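Notes for the one structure printed next.
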Amino acid sequence: MTARIGVVTFPGTLDDRDTQRAVRVAGAEPVPLWHRDKDLKQVDAVVLPGGFSYGDYLRAGAISRFSPVMETVVEQARAGMPVLGICNGFQVLTETHLLPGAMLRNTDLHFVCRDQKLRVENASTAWTADYEQGQEISIPLKNIDGRYVADERVLDELEAEGRVAFRYAAAPADAAAPADGYGNPNGSLRDIAGITNEAGNVVGLMPHPEHAVEPLIGTGRTDGLGFFTSILKNLVAA
Amino acid sequence: MARVVVDVMLKPEILDPQGQAVQRALPRLGFEGISDVRQGKRFELEVEGAVDDAALARIHELAETFLANTVIEDFVIKVEDAEGVENPVTPEAPAKSGS
């Protein structure tokens with residue numbers, strides 16, 4: 001029996017189908033979950049995909065937080081169930097306080113859509129074990145509310161506990177290398193692109209691994225597949 | 001029916017690029033002498049029944065858990081009187097619930 005991974009659809013979610021596909025490509029079974037259902041259908045893990053749930057009204061993720069499905073997701077996540085929040089899903093995770101900090105409008109006020117270079121800072125979470133510490137990956141980034149902020153005390157705590165999972169990678173010193181996709185695209189404090197909770201079961205990031213799982217489409221690379229193979233190994237080993 | 005206003009503003013230390021964009025546009029429109037602009041949100045709540053301490057405590061909770069994200073924002077609650085004047089509710093008046 002393979003692992004069952006739930007993918008939540010809120011009104012306004014965009015990337016649920018791509019996420020289901022990524023789960024399938026990795027070899028697990030995707031289970032669609034509806035925002036009004038408290039029932040998680042006995043899945044082993046949950047992904048909150050990207051999009052504009054509830055139109056991003058009030059604040060991105062602010063209204064989704066109160067949807068019935070999130071009640072159960074928060075409860076199960078606290079009990080150790082792996083949860084991955086991608087883009088809008090990351091915003092939902094900060095609004096529920098499963099992850100600290102908040103997301104604000106990009107510093108340059110532009111919607112950014114590009115292939116983004118990231119550095120994996122923590123390769124020991126449930127969702128990142130198939131990566132190497134310090135590995136550089138390139139996956140799509142597409143948002144306007146991607147600026148991660150938290151107060152200095154929280155940022156220091158995240159750094160000290162190794163809970164910064166991904167950082168926007170700085171361009172290599174080697175000037176000959178192409179610098180496309182490097183650098184901090186949105187003013188996130190300390191170049192933070194993704195973080196994890198203390199236990200390592202809840203991870204959130206702004207860029208989109210589910211759009212980079214097959215060589216034929218997207219970036220032409222499969223750098224995002226590791227999220228889904230990591231969780232599969234984690235669940236099978238459990 | 002009585003009106004309670006909740007003003008939500010980004011905390012002073014949080015960068016507000018939208019406010020900055022507004023501020024930078026002002027001289028081009030001929031408005032001089034505005035050195036800084038910060039943009040916030042205003043919520044007007046029409047309350048059924050009396051705005052007593054219990055109602056204000058509930059509104060405080062609603063502002064704290066939903067209207068504002070206190071990680072990045074501060075809020076002020078004001079009660080509008082019969083003349084339409086908004087009187088800020090002193091923070092310690094309704095017992096701080098939650099958090």
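Here the structure is a predicted model, which is why all the values come from computation and not from measurement. Numbers restart at 1 for each chain; the letters A, B, ... are given by sequence-line order, proteins then strands.
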(request) Return the minimal non-hydrogen interatomic distance between Ala68(B) and Arg59(A), and the atom names on each side. (result) C-NH1, 3.5 Å
(request) Using non-hydrogen atoms and a 4.5 Å limit, figure out which bit of Leu109(A) sits close to chain B: side chain, backbone, both or neither. (result) side chain
(request) Could you tell me which portion of Gln18(B) (side chain, backbone, both or neither) has an atom closer than 4.5 angstrom to a non-hydrogen atom of chain A? (result) both
(message) How about CD on Glu48(B), more than 12 heavy atoms from neighbouring residues, nucleotides or ligands closer than 6.0 Å, or not?
(response) no
(message) Please report the interatomic distance CD1(Ile72(B)) to CZ(Arg147(A)), rounded to the nearest 0.5 Å.
(response) 8.5 Å
(request) Tell me, for Leu189(A) versus chain B, whether the close heavy atoms (under 4.5 Å) come from the side chain, the backbone, both or neither. (result) neither
(request) Could you look at Lys11(B) and say if it's the side chain, the backbone, both or neither that has a heavy atom under 4.5 Å from chain A? (result) neither
(request) To the nearest 0.5 Å, tell me how far Asn69(B) CG sits from Met103(A) CE. (result) 10.0 Å
(message) Within this structure, what is the CG-CZ distance for the pair Leu58(A) and Phe66(B), rounded to the nearest 0.5 Å?
(response) 5.0 Å
(message) What's the separation between atom CG in Asp16(B) and atom CG in Leu104(A), rounded to the nearest 0.5 Å?
(response) 9.0 Å
(message) Taking CZ in Arg36(A) as the centre, count heavy atoms belonging to other residues, nucleotides or ligands within less than 6.0 Å. Is the count above 12?
(response) no
(request) Kindly check if the number of other-residue, nucleotide or ligand heavy atoms within 6.0 Å of CZ (Arg17(A)) is above 12? (result) no
(message) Quick check: closest heavy atoms across Phe66(A) and Thr65(B), and the distance to 0.1 Å?
(response) CZ-O, 3.9 Å
(message) For a quick test of reading the model, state the closest non-hydrogen atom pair linking Thr107(A) to Pro17(B) and the distance between them.
(response) O-CB, 3.2 Å
(message) Does atom CZ (Arg28(B)) have a neighbourhood of more than 12 heavy atoms from anything else shown, all under 6.0 Å?
(response) no
(request) Name the region of Asp108(A), side chain, backbone, both or neither, that has any atom closer than 4.5 Å to a heavy atom of chain B. (result) neither
